[in-house]
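Contents: one structure, followed by commentary.
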Amino acid sequence: MNTLNDLLLFIEETGLYPEIRSLSSSQKPLVQIDNRELMMFCSNNYLNLATHPEVMKAASEALNEFGTGSGGSRLVSGTNDIHLQLERDLSALKGTEDSLVFSSGYLANIAAITVIASPLAGVPKEMARMLLKYFNKETVVFSDELNHASIIDACKIAGAKCLIYNHTDMDDLSKKLKQHTDARKIIITDGVFSMDGDIAPLPDIVQLAREHEAFIIVDDAHGTGILGENGGGTAEYFNLQKEIDLEVGTLNKVFGAVGGFISGSKSICKLLRVTSRPYIFSAAMPPSVAAGLSQAVRVLQRDSSLRHQLFSNIDYFHELTIGTSIPLNKTFRTPIIPVMIGDEMKTIKISKQLYEKGFFIPDIRWPAVPKGKARLRVTLMCEHTKAQIKLLVETLDQLCKD
Ligand SMILES: Cc1ncc(COP(=O)(O)O)c(C=O)c1O
């Protein structure tokens, strides 16, 4: 017990214990915190669908009809018609045969990766013994070094051999694939990287996967609903929907609620429904949440103006930062824009100064990003005004100069 207290004391005394701010308003460009109004530049509610009138109406109608909970896991008693409708909507958006929804994206990654990497772990021992002859090769997972924590945790739970390749480094991936010619191979990458905002080089990954007969899983938590002609995500952006074996994503970002999904072929989804532990042992999302999400998918598909407005804001931010002292990475057209401060204490200080000046942008540091790569992770929403963005860039420029 002393050790735990000492650890807490250490974190507090070194100034590393994060300030956890509590909002008393919805996720809009202007939020209420500590009885103050602040400009919110850190929400994943990129298209402001969390408060879209049609989405709120669908969710509240379902809440009145079905109550607050789902009553069970998806496999046993928690599946409602609305979950199945949401799965059809997501399949249409993703251009896949089928989809499964879970109560979080974290769980969706655990479900997808554990089953694909260790397919026999989810079947009874006697059956596993009989099937062993089909899985007599070692499985190796090739995972980008900046993949999300839920992918890293899922690989650990799966117990498969996991090789980390340098971030988006296709030479490194190719070298590692060549060293494992006899293995069953799985390549896993984020579509849009959650802390850097850059886009995975899917065309090169698909090419390497073809050469080495590897299975591809893309976690498109941040690309879904944003990239591609119809908001289908990173695979659609590259016109590679048919080449990706399995897509995973979260429903808490662009769709504005909570939950996760897996989209892929009918047969893999059917298998996942009976072998993935989060589908079997964790409660389904409430039907009201699923109803709001279904409506969010439909709004997103019907109304491309939300995405155009978001991209106009992204372009405006980048235009304004040219020639300023704001340290940005190579820029990608995504709503995640990391301001790379590096030093953890400096990042904490700038985040606090921004707060005092009316901006809510928490500092992001280890373990969310590597040590020494602390940053302010600016995210934009379609409802931000140009005046709000201009004020942010001017303030950031001043603080970074100082
Ligand atoms: C790339 C990525 N994958 C998975 C997740 C987990 O999703 P959820 O928050 O729905 O558990 C996140 C959330 O931050 C993410 O950014």
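Predicted model, so just to flag it, every value in this text is computed and none were measured. Counting convention: from 1, in listed order, for ligands and their atoms alike. What's counted below: heavy atoms across the whole structure, side chains too, no hydrogens, waters or symmetry copies.
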Are Phe193 and His167, when compared by the centres of their aromatic rings, separated by less than 6.0 Å?
yes
Does any donor atom in the side chain of Glu54 or Gln295 lie under 3.5 Å from an acceptor atom in the other side chain?
yes
Assign the ring pair His222 / Tyr46 to parallel, tilted or perpendicular, where the plane angle (0 to 90°) is split at 30° and 60°.
tilted
Would you please indicate yes or no on a ring centroid separation below 6.0 angstrom for His384 and Phe317?
no
Within the side chain of Arg36, is there an N or O that forms a donor-acceptor pair under 3.5 Å with the backbone of Tyr355?
yes
Side-chain heavy-atom pair Leu272, Ile268 within 4.5 angstrom cut-off:
yes
Residues lining ligand 1 [heavy-atom distance under 4.0 Å, listed by chain and residue number]:
Ser104, Gly105, Tyr106, Asn109, His148, Ser150, Asp190, Ser194, Asp219, Ala221, His222, Thr250, Asn252, Lys253, Gly259
